[in-house]
Amino acid sequence: MSSSHEAAPSQAFLAEEVRRYHHFIVLALWLAVVTGAEIVLIYLPLPTAVIFTVLTLMSAGKFFAVILWFMHLIYDKRLLFWCFLAGLVLAFATYAAVLALFSADRIDTRWFS
Amino acid sequence: MSDHAAAHEAPTSTGIDHKKLIMWLFLASDCMFFGTLISTHLLYRKLFPAGFTDAEGHQRFIQELFSIELTSFSTFILLMSSFLMALAVSAMHKGQLKSFRRNVLGVIVFGLIFLGCQVYEFTHFYHKGLTIQNSVLGSTFYVLTGTHGTHVAIGVLWLILLYFYSFTGKLGGHMGALDVEVAGLYWHFVDIVWIIIFTAVYLVEYLGPYGIWGSGLPAVLK
Amino acid sequence: MSHDSHHAPVACKTELAPERSDLGLYRPDRATGWTDWLTTVDHKKIGIMYGAFAMLYFLIGGVEALAIRTQLARPDNDFITARMYNQLFTMHGTTMIFLGVMPLSAAFFNFLVPLQVGARDVAFPRLNAFSLWTFVFGAFVLNASWLFEFGHLAGWFDSFAWHKALVYTDFAPANGWFSYAPLSGTFGANGQALRFTGVGTDFWIIGIQILGIASLAASFNFICTIINMRAKGMTMMRLPVFTWMTLVTSVLIILAFPAITVALIELMFDRAFGANFFNPSAGGQPVLWQHLFWIFGHPEVYILVLPAMGIVSEVLPTFTGKSLFGYPIIVFSGAVIGFLGFAVWSHHMFTTGLGPVPTAAFSLLTMAIAVPTGVKIFNWLGTIWGGRIRFTPPMVLALGFIWMFMCGGFSGVMHSSAPADSQQQDSYFVIAHFHYVLLGGVLLGLMAGLYFWFPKIFGRMPNAPVAYLGSALVILGFNLAFGPMHYLGLAGQPRRTHTYHAGNGWETWNLVATIGAYVLGIGVVIVFGNLVWTAFRGKKCGNDPWDGRTLEWSLPSPVPEYNFAQAPVVATRDAFFEHKHGAKRIGAENDGGEAGVHMPSQSWMPMLASAGFLFIGFGMPMMAMGIPHAGWLVIAGLGVLFLGVWLWALEGPGGYMLKTPAPAGAPAPAETVAR
């Protein structure tokens with residue numbers, strides 16, 4: 001990325017932008033396809049565990065595709081990726097623990113719908 | 001203005017612009033924010049997979065309320081708005097202000113369509129008996145999706161202001177592109193949060209007889 | 001563009017030509033006096049204001065503490081009512097943590113971080129001002145609950161219809177600093193939202209929410225400043241330890257505060273809109289509040305203590321004449337403490353019954369966190385070992401920090417054992433533990449920092465005999481007050497109970513604790529009085545009175561608004577000490593040249609945006625009181641906030657050029673100090 005303001009972007013810079021433009025289009029198509037596949041998947045007569053695993057993977061795939069390409073992390077400095085990943089991993093680990101700490105068989109659910 | 005700002009933008013130690021760095025830090029922080037909200041919802045789904053009781057005292061399941069068509073449509077709209085946002089940022093990098101305006105207008109319209117879908121969904125659910133007050137499910141669902149909707153609304157407002165600002169002639173150069181890119185990062189983040197919500201809140205409820213949370217705990221579903 | 005004209009460099013900002021922002025309004029750049037302080041974006045002035053407010057709230061929190069101790073001085077006392085007692089201990093805890101320690105740490109962050117990394121300001125100067133004013137207004141909202149409480153007690157509201165309709169009339173928060181649900185929440189099915197407490201809780205919720213926004217904004221800013229604005233040659237492993245600890249603290253804040261933000265939103269929805277997040281009548285889990293609170297609350301403990309550890313790591317090398325022993329290990333330990341701080345929150349909740357596996361896991365992780373803390377203490381001892389120690393006031397307080405903090409750490413390790421903890425839970429033993437950590441640790445560390453950097457901040461030296469007297473009284477009074485509480489706790493005296501009967505064997509030590517508290521109070525007043533006197537009347541001192549080691553001591557005292565006449569180029573850790581006594585000089589980069597250096601423009605907008613929180617902060621509790629049309633106050637607040645941010649964006653960064661006095665070349669040689 002150009003670090004200083006230029007009146008006219010250089011040829012190499014423009015070529016890079018055009019290349020990214022194609023990445024964006026391909027990614028947008030993939031996102032649409034994967035989302036469609038997700039919707040079909042939930043109606044397929046497969047074991048719940050299988051569908052759940054595939055859904056999780058697809059969701060994670062879409063998530064990282066957007067942060068890497070649309071949000072430029074793949075083009076930008078590595079530090080930004082680690083900054084974001086710190087928050088992401090911490091949130092995931094903390095709340096996985098919280099979810100594990102609660103369980104229905106340890107509370108009295110009879111009184112609530 | 002942009003020339004002036006660019007002239008005094010001292011090189012940073014890491015080569016990353018301050019604004020971009022602070023936005024990524026904010027997004028890292030927002031991961032914890034939405035992590036808390038999403039896990040609150042999932043936690044109560046895990047504890048009470050059976051849904052809620054409506055005003056007439058009928059046992060209702062969340063699956064009765066969901067409309068996969070509507071949710072898929074709004075998900076698709078938000079994903080495509082993200083695509084247009086990426087194009088808008090790209091246009092700013094190339095200094096193509098007109099292309100930027102066209103794309104960002106698309107993002108704004110798509111964002112408004114998403115918000116419209118959400119308003120429709122909320123009123124629909126409300127009429128079907130789910131309120132913020134009558135169950136834990138209503139509280140967590142409306143507050144989680146409503147907070148996401150608030151993020152979308154703030155993003156739309158931000159982009160509208162940027163759109164009109166672009167007509168003043170002050171949005172340009174490296175700093176102008178950076179301002180748009182930072183707004184874009186925010187927009188994409190709102191989109192990826194929805195990617196998670198779409199799977200964790202909506203899709204998994206279609207698995208098994210009464211959703212992923214119910215299928216593991218058949219006794220409670222009776 | 002339009003305002004390039006004002007780039008004609010001036011030597012003093014009051015000489016600036018009148019300059020308009022992109023909005024066409026005049027920037028308050030040439031302001032002096034009050035306007036200057038209200039619109040400043042100078043990190044040093046913002047730091048001083050943070051410090052002044054923090055010291056004010058320390059005194060308010062201290063008065064609350066003394067009222068508590070007076071009530072407990074003898075059995076069956078009725079000095080204050082039980083209700084007032086609950087409000088006092090709640091506001092004492094909240095005030096000391098959010099309005100005392102955190103802003104005083106923020107004062108040091110603000111003043112020191114740009115100086116220590118060799119920058120002219122923080123990355124976002126106006127955002128920094130926004131943090132300050134948001135903190136000031138949030139603190140005001142929280143304490144305004146007292147005004148309502150006193151108005152209620154004086155009977156001012158008795159004739160109003162909304163007041164007659166109130167079920168609970170406690171206007172000041174009374175839930176403890178953690179506001180556990182369901183006490184702070186609601187009960188009753190179908191959105192009845194019946195409350196256990198009055199609007200004090202609503203003041204607490206919105207007040208903490210606003211203070212959280214202030215802390216978050218400041219932390220984003222500091223991380224950016226430290227990562228992105230380091231001088232040439234200032235690699236991460238050459239950063240002063242205080243700056244490192246600021247970085248770790250800021251990371252903790254941005255990752256821990258969202259949890260409490262969401263928890264507060266959920267609690268607010270419960271109370272204001274009848275949601276059921278923590279409502280036990282509808283299946284809400286009050287224990288979830290505890291989890292969310294401590295996911296924030298435990299990192300918060302390290303948010304409080306790490307800055308003090310950073311200060312001590314600066315003070316000890318200076319007054320032993322040695323470099324810090326094991327710098328990389330100290331930095332690494334600080335980061336490990338921060339990381340582990342997120343993995344131990346449930347040790348506050350052993351008695352809620354987590355189950356054997358989680359209890360064992362959290363117990364072990366809690367014990368593990370003692371390791372990096374112990375590593376730091378051994379490194380500090382290694383620093384002192386064999387050094388030529390000068391017992392200046394900051395050194396005395398820093399040594400007190402190590403000793404007292406260690407005592408607090410020992411009782412902390414006792415808590416980490418779940419079986420022992422279930423005996424100590426909610427007893428005075430816990431009070432003793434965290435006061436040894438927070439007062440014996442953090443407050444002594446912060447006081448050491450105040451005495452250490454006051455000569456830099458104001459160019460004046462605090463009176464040493466008075467400083468020794470104050471420090472001695474603080475340490476003596478503190479041990480008298482909190483030492484006996486270990487015994488009282490193990491003898492069974494419960495926390496948060498406004499009185500106790502005679503005959504439990506608690507009378508003597510409670511009286512001793514109260515006497516100690518008053519001695520401590522006198523000590524704190526002497527210390528703060530000495531500092532305030534110094535700021536205005538103290539004896540002038542040189543630029544480097546302590547033989548300092550880091551970049552800030554290379555600057556004149558008080559520090560000029562542009563900080564560095566030329567950007568420094570750093571070749572080593574402890575750069576200024578090496579510059580004076582070693583082979584490696586601090587270089588200079590003539591970055592401004594003839595044009596002078598670029599200074600950020602002052603602005604009213606951060607304060608305007610913050611003022612929105614004032615409206616929201618009063619509107620929400622007034623809605624809960626049932627005052628008609630109070631909701632419009634909230635909407636007006638959101639409007640003001642939006643307007644402030646919008647105008648802030650539109651006015652543009654601005655800026656002017658300032659001519660610095662020094663010619664090109666290295667900084668002036670340091671004044672030599674008798675060592």
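All chains are named by letter (A, B, ...) in the order of the sequence lines, taking the proteins before the strands, and each is independently numbered beginning at 1.
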Side chain proximity check, B:Thr75 to A:Ile39, heavy atoms < 4.5 angstrom: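 A side-chain contact is absent here, since even the closest heavy-atom pair is not under 4.5 Å.
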**Message:** Using every non-hydrogen atom in the two residues, find where B:Thr14 and A:Lys77 come nearest and quote the distance to one decimal.
**Reply:**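 The pair with the smallest heavy-atom distance is O-CE, 3.1 Å.
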task = For residues A:Leu99 and B:Lys46, report the shortest heavy-atom separation together with the two atoms involved.
result =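 Shortest heavy-atom contact: O-NZ, 2.7 Å.
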Which bit of [X] is near chain A, if near means a heavy-atom gap under 4.5 Å: side chain, backbone, both or neither?
X        : result
B:Thr36  : both
B:Phe189 : both
B:Val136 : neither
B:Leu25  : side chain
B:Met32  : both

Heavy-atom pair count under 4.5 Å with chain A, highest-scoring of B:Leu79, B:Leu42, B:Val193 =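 Max contact count across the listed options: B:Leu79.
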request  = Return the option, out of B:Thr71, B:Thr40, B:Ile196, with the maximum number of heavy-atom pairs under 4.5 Å with chain A.
outcome  =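 Highest number of pairs under 4.5 Å: B:Ile196.
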(request) For chain B, find which of A:Leu90, A:Leu88, A:Leu73 contributes the most heavy-atom pairs closer than 4.5 angstrom. (result)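 It is A:Leu73.
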- Query: Can you say whether the rings of A:Phe13 and B:His93 are parallel (under 30°), tilted (30 to 60°) or perpendicular (over 60°)?
  - Reply: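 Taking B:His93 first and then A:Phe13, their aromatic rings stand perpendicular (interplane angle over 60°).
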